[in-house]
Amino acid sequence: MTTTEPRPQRYNAKETEEKWQSVWAGRGTFAVETDRARPKYYVLEMFPYPSGKLHVGHVRNYTMGDVVARYKRAQGYNVLHPMGWDAFGLPAENAAMASGDHPARWTYDNIAVMRGQLKRMGLSYDWRREIATCHPEYYRHEQKMFLDFLAADLAYRRESWVNWDPVENTVLANEQVIDGRGWRSGALVEKRLLAQWFLRITKFADELLDGLGTLERWPERVRVMQEKWIGRSEGARVQFALDGRPDRLEVFTTRPDTLFGAAFCAIAPNHPLAEELARGNAELAVFIAECNRMGTSEAVLETAEKRGFDTGLKARHPFRAGVTLPVYVANFVLMEYGAGAIFGCPAHDQRDLDFARKYRLAVVPVVLPPGEDATRFEIGTEAYTDEPGTLFNSEFLNGLAVPAAKRAATQKLEALQAGTGTIAYRLRDWGVSRQRYWGCPIPVIHCPACGIVPVPEADLPVSLPEDVRFDRPGNPLALHPTWKHVRCPRCGGAAERETDTFDTFFESSWYFARFCSPRAPTAMTRGDVDYWLPVDQYIGGIEHAVLHLLYARFFTRALAACGYLAVVEPFAGLFTQGMVCHETYRDADGNWLFPEEVHRTDGVLSDAKGRPVVSGRLEKMSKSKKNVVGLEAIVDAFGADTARLYLLSDSPPERDLEWTDAGIEGSWRYANRLWRLATDPPVDLPPPGARVPHELPPPLEDLRRAVHRTIVAVTDDLEKFRFNRGVAHIRELTNAIEALEPDEHSAGAVLREAIETAVKLLGPMMPHLGEELWQALGHTRLLADESWPVADAELAREERVTYAVQVSGKLRDTVDVPRGTGQDAVIEVVLKRPAVQRALDGRAPRKTIFVLNRIVNVVP
RNA sequence: GCCCGCGUGGCGGAACAGGUAGACGCAACGGACUUAAAAUCCGUAGGCGCGAAAGCGCUGUGCCGGUUCGAGUCCGGCCGCGGGCACCA
């Protein structure tokens, strides 16, 4: 290129993106309505907490959703693609305490900033449907739901142990307790018994478990995690009569078949019986206190010894008259699971065995493993916990296999009225009370005369007071001078409002339904939710595999039970995307540095003062490690489309992605290449809609075929969430277009088809550039309103096939033959090839393997 | 400890369903254009060896073994990394 020639033009991302964003907004391109005549598709990305800034991890998530939304739209679906804000939560209150900002203002300011950032990304949201969960017009509906849950016995209140921070005067979540101390105050956390509200998720334990089987488009591992979380175990409750006491001790077991091997019973340190006995036994009280002091962290449990305290009580064996078992209080028995008490069978449970060895209790095996001799089989240091085997030493169970023995033992227990078959779950009811201001007020009133009285529906919403102070510890709602004082709706007497607010998972448990009719006077309208739900494709982080996704599944069932909607599974398809990671940097003093503070010269890192910098491992971007990339700077420099392309192309979407500056520059180069190709094609293009001639010279014919193969490939890639591969396929097509020698007069029509196809296929990923190029190619309609390209099956098929030619399984040659060439003809060609002759080295082919369109393997 | 996932060039990653390993990109190197740089374009490239070159041979998907005409892919056994769960009776 000489200086007189024009320099290559560069794509002006900023101008272009702003232009098309305002065109879409002005035309209401992405506004949708319920339309029963059309097939619907609901794409949803997990909505963000308005923390203040959008980061690239968010953008990766939303870009994937946007690709799906735009792709499905092009396929003719009526696509719902909404966005909103999960706006209640602790950070707003912490900001209030730190800076005096009101949580509402802090939150709404953040929303304004983040909305602006989202809009710059060109995401195809129906912004009319935006919701913020902290708005009374949102949370009033969940107050109504709660009242319905109360009436349906799906919500209740009970005393529960909580982590209490005595300095902050509030409950802490488990995650907020670090080494037994409050994460903010540093005060030793106390266990406190508090009356808390619960939702009866356990009522749906079986349904939630069974429902997992219907979620075919969920990742296997998420289903497994939920299954384990629910933790269903079939077993039996056994009642042991106690010597000298009228009451009986109930235990839970999954192995009633091993009852004849029972050596002891053990109860949890906070079992009511233990507490009762401790009142008359100082030694026992000390033991229980020690147990309570022991943490439940992994490290503690690993090393913790099985310890027990013999209460002196004797439990009578249900099957063996005259035989009694000692009753211990044991540190490894959990009050929260099963009956809070067990019987110990040392031979067939490792914990019981450890315990029995320590306290010199009998170890009697009752299940004989296959291939063992009954007279010689002994238990050493390892219990036999497997199922295969035959019962022995067990009277009426002798000779039975374990499953049959379980049934027989349970039947016998039931006949003796000493137990029943039952199912235990690991799942606990969901505690939703938080002693916090910035959450949805729980709509009940405590009346000294009438007890708990629901707030009448007409009085909803119970709104948060705005004049609150955050300058002292404790729940600002409880400390507010007037807010909580009300008349009892029932008796009219003086009463107090509930000052707890809901766990913020409450809001995210139904927002997907609100999006269907976001401004309706009721929580949702049947016509809309019946049409739109379930969400066809939900996209978000794996960190919500259990909590949010399980709560939402439960909530949907609870709403269905209360007549709100008809579906039970809110999310038909789920995709969990990987995190965005970045190198970490530390200076000589070990302080974290932001990437922009680090200079790189010939691979050597230094800080602003030239001191050495050490790069650490790749980690999820986080503020604390400063390995974050400012989204604004990226979009300013390269535009949203380039960032989107990079986030999609660099790694498979389910895997973590490493953000690198070099990577985004590669995407920027591609954007410019395509822009130049479409705005300044190598030959003049005929007008839009020009027919491609049937007879084409070979290079053009090849390009045409490449176009149609690319349509097939990219469509398949998008269906399967393989965005990185889709991008590769489009780039391959672009390479093929650029490699074309444009000396044929028919090139224009072929070139137009090729470029238009590349633009269309790329449209969901780089929508602004797509619109710009679509217009530059002479179209007057929006690309967003165009339909997805359909491949000509005839053209997409290769007309020639390349056979890999092997001799004894080793590749020696390839041969190119017309598609459909018969086996004999191919083999004939193959055998004549010099490379084959050379490899055969005079030996005669003994056998020839032929795989159509793939391979010929000659075996001498 | 249990469950799940993953190990492919310097790097991110491709490879349908057992059939040409390394597509596409990043970084790199060589070249063109330029006073120079940026930008752009052309070219090279798993490793080792032979050859002036076209090319040819060997080797290669964490390790060891197996099945097969043929294994990154299937089977068995190891090693390593990541994630989840964990005194759940």
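Chain A is the first sequence line, chain B the second, and so forth, proteins listed ahead of strands; every chain is numbered from 1.
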Counting only side-chain heavy atoms from C-beta out, which of [options] sits nearest to [X]?
| X | options | result |
| --- | --- | --- |
| A/V333 | B/rA89, B/rU20, B/rA23 | B/rA89 |
| A/K847 | B/rC87, B/rC69, B/rA89 | B/rC69 |
| A/N857 | B/rA89, B/rC69, B/rU20 | B/rC69 |
| A/V859 | B/rC88, B/rG19, B/rC69 | B/rC69 |
| A/R221 | B/rU59, B/rC88, B/rG83 | B/rG83 |
| A/K810 | B/rC87, B/rU59, B/rU40 | B/rU59 |
| A/Y337 | B/rC88, B/rG19, B/rC24 | B/rC88 |
| A/N735 | B/rG13, B/rU20, B/rG25 | B/rG25 |

How many whole angstroms separate atom [atom1] of [X] from atom [atom2] of [N]?
| X | N | atom1 | atom2 | answer |
| --- | --- | --- | --- | --- |
| A/E336 | B/rC87 | CD | C1' | 12 Å |
| A/I542 | B/rC3 | CD1 | P | 19 Å |
| A/E382 | B/rC2 | CD | P | 10 Å |
| A/N331 | B/rC88 | CG | P | 12 Å |
| A/L762 | B/rC24 | CG | P | 17 Å |
| A/E543 | B/rG84 | CD | C1' | 13 Å |
| A/M335 | B/rC87 | CE | C1' | 16 Å |
| A/K358 | B/rC87 | NZ | P | 19 Å |

Practice task
Would you confirm whether the ring centroid of A/Y328 sits within less than 6.0 angstrom of the ring centroid of A/F309?
Solution key: no
Practice task
Step through it carefully: locate the ring centre of A/Y425, locate the ring centre of A/Y337, and say whether they are under 6.0 Å apart.
Solution key: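 Ring-ring flag for A/Y425/A/Y337: false, centres at least 6.0 Å apart.
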Where do [X] and [Y] come nearest, in terms of heavy atoms and distance?
| X | Y | result |
| --- | --- | --- |
| A/G639 | A/A13 | CA-CB, 3.8 Å |
| A/V858 | A/V830 | CG2-CG1, 4.0 Å |
| A/P269 | A/A274 | O-CB, 3.6 Å |

With rounding to whole Å, what would you report as the distance between [N] and [M] at their [atom1] atoms?
| N | M | atom1 | value |
| --- | --- | --- | --- |
| B/rC81 | B/rG25 | C1' | 25 Å |
| B/rC4 | B/rG55 | P | 49 Å |
| B/rG70 | B/rG66 | C1' | 15 Å |
| B/rU73 | B/rA17 | P | 14 Å |
| B/rA21 | B/rG60 | C1' | 9 Å |
| B/rC58 | B/rC42 | P | 35 Å |
| B/rG72 | B/rC64 | P | 13 Å |
| B/rA37 | B/rG22 | C1' | 34 Å |

Fill in the blank from the handout: Between A/I849 and A/F252, whichever has its closest RNA chain B nucleotide further toward 5' is A/I849
Problem - 5' precedence on RNA chain B between A/P652 and A/T802 (nearest-nucleotide basis) - result: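 Closer to the 5' end of RNA chain B: A/P652.
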Phosphate OP1/OP2 of [N]: any [X] side-chain N/O under 4.0 Å:
| X | N | result |
| --- | --- | --- |
| A/N724 | B/rA23 | no |
| A/R428 | B/rC88 | no |
| A/R722 | B/rC16 | no |

Handout entry: Polar pair under 3.5 Å, donor/acceptor by atom type, side chain A/R812, base B/rC56
Key =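 Answer is no: no donor-acceptor pair is held.
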Exercise for the section: Would you kindly check whether a donor in the side chain of A/Q806 faces an acceptor in the base of B/rG19, or vice versa, at under 3.5 angstrom? Expected result: yes
Fill in the blank from the handout: 5' to 3', nucleotides 26-31 of chain B under a 4.0 Å protein heavy-atom cut-off (B base, S sugar-phosphate only, - none) gives SS----
Practice task
Syn or anti for B/rG80, please, going by whether the chi angle lies within 90° of 0.
Solution key: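 Anti, since the glycosidic angle lies more than 90° from 0.
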Any strand is fair game: report the nucleotide pairing with [N] by Watson-Crick or G-U wobble, both distances under 3.5 Å, or none.
| N | value |
| --- | --- |
| B/rU67 | none |
| B/rG9 | none |
| B/rC41 | B/rG31 |
| B/rG46 | B/rU59 |
| B/rC2 | B/rG84 |

So, [X] side chain and [Y] main chain: donor-acceptor pair closer than 3.5 Å or not?
| X | Y | result |
| --- | --- | --- |
| A/D386 | A/P388 | no |
| A/Q226 | A/L212 | no |
| A/D352 | A/C345 | yes |

[X] versus [Y]: any side-chain heavy-atom pair under 4.5 Å?
| X | Y | result |
| --- | --- | --- |
| A/P346 | A/I379 | no |
| A/T814 | A/V805 | no |
| A/S651 | A/N724 | no |

Handout entry: side chain to side chain contact (heavy atoms under 4.5 Å, CB included) partners of A/L811, counting only residues at least two apart
Key =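 Side chain to side chain contact (heavy atoms under 4.5 Å, CB included) check on A/L811 returns A/A804.
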Practice task
Assign A/T814 to base, sugar-phosphate, or nothing according to its heavy-atom contacts below 4.0 angstrom with the strands shown.
Solution key: base
Problem - Worked check of ring pair (Phe, Tyr, Trp, His ring centres under 6.0 Å) between A/F343 and A/H317 - result: CA-CA 10 Å; A/F343 80 79; A/H317 195 287; 7.9 Å; no
Handout entry: Interface residues of residues 224-237 of chain A with RNA chain B (non-hydrogen, below 4.0 angstrom)
Key =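 Residues of residues 224-237 of chain A under 4.0 Å from RNA chain B: A/M225, A/K228, A/S233.
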